[in-house]
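Everything numeric here is computed off the predicted structure, so don't read it as measured data. Throughout, a chain's letter reflects where its sequence line sits, starting with A, and its residues are numbered from 1.
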There are 2 protein chains.
Amino acid sequence: MSASKRDELVQNAMRAFYQGGFHAVGMDRLAKETGVSKTAIYKHFRTKDDLILAVLRLRDEQYRNWLVRRVEALASTPKDRLVAVFDALGEWFAEPSFKSCIFIKASSEFQERGNPIHASSAEHKHLLFKYFSRLTNGMGADDPEGLARQIQLLHEGAIVQAHLRDPRDVAQDAKAAAARLIHSAKVA
Amino acid sequence: MSASKRDELVQNAMRAFYQGGFHAVGMDRLAKETGVSKTAIYKHFRTKDDLILAVLRLRDEQYRNWLVRRVEALASTPKDRLVAVFDALGEWFAEPSFKSCIFIKASSEFQERGNPIHASSAEHKHLLFKYFSRLTNGMGADDPEGLARQIQLLHEGAIVQAHLRDPRDVAQDAKAAAARLIHSAKVA
DNA sequence: ATAAACATTAACCGATCGGTACATGTTCTT
DNA sequence: AAGAACATGTACCGATCGGTTAATGTTTAT
């Protein structure tokens, strides 16, 4: 199996797990939906959990790349970019295939503290925090880490809410709250 | 089976699903952990999904009752109570058995729009919104529904974060953000 | 052309899934 | 005390779970 074929498999597995859930989607169904036989899958991934970890690694890279690039395109100062995060979120929520965040889902299904899948999800959220932190540092906030954590609270809350109610206004609510927090933040 | 026995079953099922996940915990394991045989369970619940719905109904009542009473004990004005919500959350996060919110987990595992379990989770979050809304109305906020939605964003975000990182400071971060939003909210 | 190397498929493994049939208590009525 | 009504546990149902074995292409090197 070529490297690109493998990437394609992980990508298709991501779609299947994202739409159907990790426990709910079995390996047989996965083989059918990805067009790759179970044997071929197990040639490259020792266990289902390993495949899930590969899916999460890919999604981490995808999501953070997308967010950073989209935010860069929408605003040019760190302060404006922190607000623009929620415009980007709004675009994501509006996609018909939006079904919450795969890491929140993964941590819901694999919740034991030491589980690698849980840890991988936590790591993704930490990397996201570091991105927010870069921006709050860039705008010269007095307590950049604190503000970054607050921004992330709104980020995670918006995703959860967008999955449970009409997502149309969720991003705007979060954006308004973020703008308040950012503009009233003390600058060093 | 007496009514109290039934309640006890639902309560024990709640613990098992909460700790282990809905798909991951099967009916055999459930029977073992609750001490009630499968046959007896199926005497009172047509399907596993029906049992899950009963679990969610109980948890909805429990959580909202707990939150309202705890907040009432911590503060006496609507404005202070909105902030106190996050002190209550902090107490919850500090419990060793805390493992996120069962409704967020349920909506992660049953994510199809029309699924009754998903709908029940959404309904719980809507009832929670109505509680926040009562408080924002009580404090005379200019846009009470908008502020209530922002408070709920912090509420959901805090739960997700508390599940993925050290939960010690999460509630305080959310409380600080909520206080900012509440105190800078226009009053009609 | 041929054989080694690799990829794929189908069939199968024991375990567990949600759910049920049935035989055995146990309790209440008379 | 006898029998109806109900509750319970055991053993089982076909289907599916994650994962493997072994036989069958398909490619590549010589």
Side-chain angles (χ1 to χ4, degrees), chain A residues 1-56 102 105-106 108-112 114-118 120, chain B residues 1-56 102 105-106 108-112 114-118 120:
Chain A
M1 181 181 287
S2 68
S4 72
K5 263 281 180 192
R6 196 193 121 117
D7 289 352
E8 197 183 315
L9 162 63
V10 176
Q11 174 72 40
N12 286 334
M14 187 177 90
R15 269 191 52 256
F17 284 136
Y18 180 60
Q19 302 286 335
F22 294 99
H23 282 100
V25 173
M27 293 304 285
D28 290 276
R29 183 168 148 200
L30 207 62
K32 201 173 301 173
E33 290 195 17
T34 63
V36 179
S37 74
K38 269 210 292 183
T39 315
I41 295 176
Y42 276 101
K43 208 88 193 170
H44 294 274
F45 300 98
R46 259 187 57 259
T47 64
K48 184 186 185 183
D49 282 11
D50 278 1
L51 173 56
I52 292 173
L53 285 170
V55 163
L56 294 186
I102 202 170
K105 288 152 86 145
S108 289
E109 296 200 45
F110 305 88
Q111 50 193 330
E112 315 84 44
N115 186 299
I117 294 172
H118 188 95
S120 177
Chain B
M1 180 182 287
S2 68
S4 72
K5 263 281 179 191
R6 197 193 120 117
D7 289 351
E8 198 183 314
L9 163 63
V10 176
Q11 174 73 39
N12 287 334
M14 186 177 92
R15 268 191 53 257
F17 284 136
Y18 181 61
Q19 301 287 336
F22 294 100
H23 282 101
V25 173
M27 294 303 286
D28 290 277
R29 183 169 149 199
L30 207 62
K32 202 173 300 175
E33 290 195 17
T34 62
V36 180
S37 74
K38 270 210 290 182
T39 313
I41 295 176
Y42 276 100
K43 209 83 192 174
H44 294 275
F45 301 96
R46 260 187 56 259
T47 63
K48 185 186 185 183
D49 282 11
D50 278 1
L51 173 58
I52 292 174
L53 284 171
V55 164
L56 294 186
I102 202 170
K105 287 153 85 146
S108 289
E109 294 201 45
F110 305 89
Q111 49 193 330
E112 315 85 42
N115 187 298
I117 294 171
H118 189 93
S120 177

Legend entry - Rounded distance in Å - CG (A/Leu30) to P (C/dT9): 14 Å
Inset, instruction - Would you give a per-nucleotide map of nucleotides 16-23 of chain D, 5' to 3', where B means the base has a protein non-hydrogen atom under 4.0 Å away, S means only the sugar-phosphate does, and - means neither? - result: -SBBBB--
Legend entry - Which residues share a side chain to side chain donor-acceptor pair (under 3.5 Å) with B/Arg29, sequence neighbours left out: B/Glu33
Inset, instruction - Calculate the interatomic distance between B/Ile117 atom CD1 and C/dG18 atom P; express it in whole Å. - result: 12 Å
Inset, instruction - Return the value, rounded to whole Å, for the distance between atom CG of B/Leu9 and atom P of D/dG9. - result: 12 Å
Legend entry - Residue pair B/Ser108 / A/Ser108: nearest heavy atoms and the distance that separates them: OG-OG, 3.6 Å
Inset, instruction - Specify the separation, in whole Å, of atom NZ of A/Lys32 and atom P of C/dT8. - result: 18 Å
Inset, instruction - Could you tell me which residues satisfy side chain to side chain donor-acceptor pair (under 3.5 Å) with A/Asp49, sequence neighbours excluded, listed by chain and number? - result: none
Inset, instruction - Give a yes/no answer on whether the side chain of B/Ser37 brings an N or O atom under 4.0 Å of OP1 or OP2 in D/dG9. - result: yes
Legend entry - Close aromatic pair by centroid cut-off 6.0 Å: B/His23 and B/Phe110: yes
Legend entry - Test item: A/Arg6 and A/Phe45 side chains (from C-beta on) under 4.5 Å apart, heavy atoms: yes
Legend entry - Distance, rounded to the nearest Å, where A/Lys43 contributes NZ and C/dC6 contributes C1': 8 Å
Legend entry - Under 3.5 Å: donor-acceptor pair, side chain of B/Lys105, backbone of A/Glu109: no
